[in-house]
Amino acid sequence: MTATTEHDAAQLARDAGANPVDYLRARGYVYAITDEAGLRRAFEEGTVTAYVGFDPTAPSLHVGHLLSIMMLASLQRFGHRPIALGGGGTALVGDPSGKTSTRAVLSEETIQANLRAILPQFNRFLDFEGGRFGDNPPALLMNNAEWLLPLRYIEFLRDIGRHFSVNEMLAAETYRQRLESGAGLNFVEFNYRIVQAYDFLHLYRVIGCRLQMGGSDQWGNIVAGVDLIRRVEGGEAFGLVCPLLTTSSGQKMGKTESGAVWLDASLTTPYDYFQYWINVEDEDVERLLRLYTFLPEERIAELTSVSGAALREAKRVLAYETTKLTHGEEAAREADAAARALFGRHQDTDALLADASIPTATISAADVEAGLSIADVFVRAGLCSSKGEARRLASQGGLSIDGQRVDDADALFRPQREATLLRVGKKRYKRLIVEEAS
RNA sequence: GGGCAGGUGCCAGAGUGGACAAUUGGGCCUGGCUGUAAACCAGGUGCCGUAAGGCUUCGGUGGUUCGAAUCCGCCCCUGCCCA
């Protein structure tokens with residue numbers, strides 16, 4: 001496995017005197033910038049404070065948020081100040097961007113709970129102490145509920161609302177789509193843009209934040225903030241958005257059949273996280289290495305100069321590096337070891353069964369003795385959702401135990417030893433441990 | 001507030017008293033070929049059951065009927081038009 005570079009790509013670029021804009025562009029993060037020349041100048045003139053908003057609609061961030069996080073992390077390596085803004089207030093409003101229908105309204109308690117779970121996840125990516133990358137200032141965590149909830153309606157309408165043209169907003173892609181598609185748009189959602197713009201204004205006023213970043217679906221909202229700052233304060237602020245990533249086959253990044261790929265280890269295990277990345281398509285590896293790791297350009301070029309099966313090494317590095325960033329080096333090493341053991345050329349069942357890094361389920365010895373069918377066991381291990389599915393898979397040749405195909409899912413499960421290797425399809429493995437009941 | 005049209009499986013969308021666990025397409029899953037890739041080909045895709053069969057499902061609820069996703073009442077939700 002690659003030795004970790006002392007200096008990552010962003011720091012190298014900084015040492016070489018590059019403007020962060022150039023780095024972000026070279027890495028593929030830039031989809032659009034409101035005023036590129038102005039932003040470059042701002043970066044040259046001093047420390048820029050930049051923020052990205054994250055709506056706490058779930059108890060964890062997921063891979064879809066990763067690009068924005070990487071942008072913040074990159075800027076910090078250039079000595080600028082990132083702010084991760086938790087949308088404790090905006091989540092109550094609900095962003096209609098890219099949604100085809102109104103999102104279910106979350107309760108305030110849920111949102112607060114989600115926020116508490118999400119904020120620590122930034123720790124691995126951002127430095128909240130300061131100085132980890134030279135003279136960088138500490139990153140900040142903020143929650144817009146703090147200033148949005150106390151807002152008074154009439155005042156807000158008078159001071160902020162007046163700056164927004166309804167005509168303009170109706171013409172905006174986000175809202176137009178919803179209106180044209182007949183999916184509907186309620187007043188609360190219609191206000192999302194205004195509230196988000198206000199966030200930017202607030203951060204500009206309070207800590208001089210001058211840059212907001214996000215996905216390209218946020219462009220309109222970000223521009224609205226930039227405009228608001230100019231109108232209200234006569235200030236200069238910037239927006240930068242990254243492309244909305246899809247895989248070569250058109251899938252949204254970070255989405256799988258079974259849902260989002262979470263950054264929380266209890267929702268998506270490091271093993272599964274690693275597997276997500278190592279399973280990317282050939283055409284995507286290079287782009288993803290640039291976006292989701294800090295590997296230097298030369299290393300990426302070296303890894304992706306090959307084609308065909310040799311690209312697997314690049315994917316392994318991608319998986320390792322991304323897992324390391326999200327879950328730490330230890331977890332990355334384990335996930336990598338498990339992957340090698342399970343998918344390596346020579347499968348050694350005994351070694352696999354002893355390997356704790358492989359996803360594991362347990363079952364009590366008493367249950368086994370009472371008589372469990374193979375289908376039952378696969379269901380209990382979480383590999384099948386029902387016995388019917390297990391039967392179906394078995395009849396299609398999709399189940400195996402210790403490398404042996406299962407023909408009859410209804411046969412009694414008779415483990416040879418306390419550990420058994422279950423497999424569904426080509427890729428889903430689980431180690432099953434029979435435990436003496438306690 | 002009034003009028004009209006709707007709410008079906010992961011999604012889209014047929015069905016409009018029995019032949020419906022529900023056509024079809026997409027997605028997804030499995031097998032084959034492979035490199036834990038793509039493309040391609042084949043099969044599968046509610047739950048229980050070896051099977052026969054049973055059970056639960058078509059916004060909610062209460063009816064009509066031997067029988068309802070399909071008919072009727074009430075309620076909830078969505079869209080369009082009018083106010």
Side-chain angles (χ1 to χ4, degrees), chain A residues 96 98-105 175 177-189 246-252 255-261 271-289 303-304 306-320 322-323 335-347 352 357-359 371-376 378-380 382-400 403 405-413 421-430:
Chain A
K99 306 286 181 319
T100 48
S101 57
T102 304
R103 199 204 279 266
V105 178
Y175 296 119
Q177 259 182 13
R178 282 282 287 269
L179 292 173
E180 281 174 3
S181 72
L185 177 73
N186 64 40
F187 187 64
V188 179
E189 293 174 289
T246 53
T247 65
S248 300
S249 42
Q251 290 268 300
K252 245 191 198 157
K255 289 279 178 205
T256 67
E257 342 45 80
S258 41
V261 178
Y271 171 85
D272 286 326
Y273 192 80
F274 186 98
Q275 286 296 315
Y276 173 76
W277 292 101
I278 204 169
N279 274 306
V280 299
E281 296 160 35
D282 285 7
E283 299 87 290
D284 293 328
V285 206
E286 184 173 348
R287 198 166 49 116
L288 298 181
L289 278 167
L303 284 165
T304 56
V306 295
S307 61
L311 264 179
R312 276 183 307 162
E313 178 60 16
K315 293 182 188 178
R316 257 174 19 79
V317 173
L318 173 67
Y320 179 83
T322 49
T323 305
D336 187 41
R340 282 170 188 274
L342 287 170
F343 296 100
R345 283 245 167 265
H346 313 286
Q347 276 208 1
L352 288 175
S357 63
I358 294 169
L372 282 176
S373 70
I374 288 171
D376 283 323
F378 273 87
V379 171
R380 290 200 186 198
L383 286 170
C384 294
S385 57
S386 69
K387 294 209 283 186
E389 187 188 23
R391 285 197 194 102
R392 210 154 45 225
L393 285 165
S395 71
Q396 294 174 130
L399 297 187
S400 73
R405 241 184 212 197
V406 172
D407 304 312
D408 180 11
D410 289 296
L412 205 61
F413 174 65
L421 189 66
L422 308 180
R423 179 167 69 110
V424 173
K426 278 177 291 190
K427 300 181 187 173
R428 295 164 55 212
Y429 286 93
K430 216 143 207 185

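Throughout, a chain's letter reflects where its sequence line sits, starting with A, and its residues are numbered from 1.
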Contact list (N/O, under 3.5 angstrom) for nucleotides 21-28 of chain B vs protein:
none

How would you list, by chain and number, every residue that makes a salt bridge (Lys or Arg N to Asp or Glu O under 4.0 Å) with Asp272(A), sequence neighbours excluded?
none

Sorted by chain and residue number, the side-chain contact (heavy atoms from CB on, under 4.5 Å) partners of Glu389(A) (sequence neighbours excluded) come out as Cys384(A), Ser385(A), Ser386(A), Arg392(A), Leu393(A)

For Arg312(A), the salt bridge (Lys or Arg N to Asp or Glu O under 4.0 Å) test, sequence neighbours excluded, returns none

Taking the P atom of each, how far is U78(B) from G62(B), in whole Å?
23 Å

Classify Ala310(A) by what it touches in the nucleic acid, base, sugar-phosphate, or nothing, heavy-atom distance under 4.0 Å.
nothing

Applying salt bridge (Lys or Arg N to Asp or Glu O under 4.0 Å) to Asp376(A) and Arg380(A), what does each step give before you reach the verdict?
CA-CA 6 Å; Asp376(A) 283 323; Arg380(A) 290 200 186 198; 6.0 Å; no

Residues from residues 271-279 of chain A lying under 4.0 Å of RNA chain B - heavy atoms
Gln275(A), Ile278(A), Asn279(A)

Under the rule for side-chain contact (heavy atoms from CB on, under 4.5 Å), what residues qualify as partners of Ala411(A), not counting sequence neighbours?
Ile374(A), Asp408(A)

Can you tell me which nucleotide in G31(B), U30(B), A37(B) comes closest to the side chain of Leu393(A)?
U30(B)

Which residues share a ring-ring contact (aromatic ring centres under 6.0 Å, His included) with Tyr276(A), sequence neighbours left out
none

Would you say Asp284(A)'s side chain and Val280(A)'s backbone share a donor-acceptor pair under 3.5 angstrom?
no

Closest nucleotide of RNA chain B for Val379(A) versus for Val280(A): which of these residues is on the 5' side?
Val280(A)

Rounded distance in Å between the P positions of U57(B) and G13(B)
24 Å

What interatomic distance, in whole Å, is found between P of A37(B) and the corresponding atom of G43(B)?
22 Å

By salt bridge (Lys or Arg N to Asp or Glu O under 4.0 Å), Arg391(A) pairs with (sequence neighbours left out) Asp410(A)

How far does the P atom of C71(B) sit from the matching atom of G15(B), given to the nearest Å?
12 Å

Applying salt bridge (Lys or Arg N to Asp or Glu O under 4.0 Å), can you list everything that pairs with Lys430(A), at least two apart in sequence or on another chain?
none

Listed nucleotide nearest any side-chain atom of Val424(A), set G35(B), U30(B), A38(B):
U30(B)

Which string of ( ) [ ] | and . matches RNA chain B, if you list each base 5' to 3' and count Watson-Crick or G-U pairs only when both distances are under 3.5 Å?
((((((((.[[[..)..(.....]]]((((((.......))))))(((....)))...[[[[[..)....]]]]]))))))).

Using a cut-off of less than 4.0 Å, is there contact between a side-chain N or O of Arg391(A) and OP1 or OP2 of G49(B)?
yes

Closest of U36(B), G35(B), C33(B) to the Lys426(A) side chain is C33(B)

Taken in chain and number order and not counting sequence neighbours, the residues that satisfy ring-ring contact (aromatic ring centres under 6.0 Å, His included) with Phe413(A) are none

Using the P atom in both, what is the distance from C29(B) to A39(B), to the nearest Å?
12 Å

G25(B) and G35(B), which share atom name P, separated by this distance in whole Å
32 Å

Using a 4.0 Å heavy-atom cut-off to protein, can you give one letter per nucleotide of nucleotides 42-47 of chain B, 5' to 3': B if the base is in contact, S if only the sugar-phosphate is, - if neither?
-BSS-S

Can you tell me how far P in G6(B) sits from the matching atom in C72(B), rounded to whole Å?
12 Å

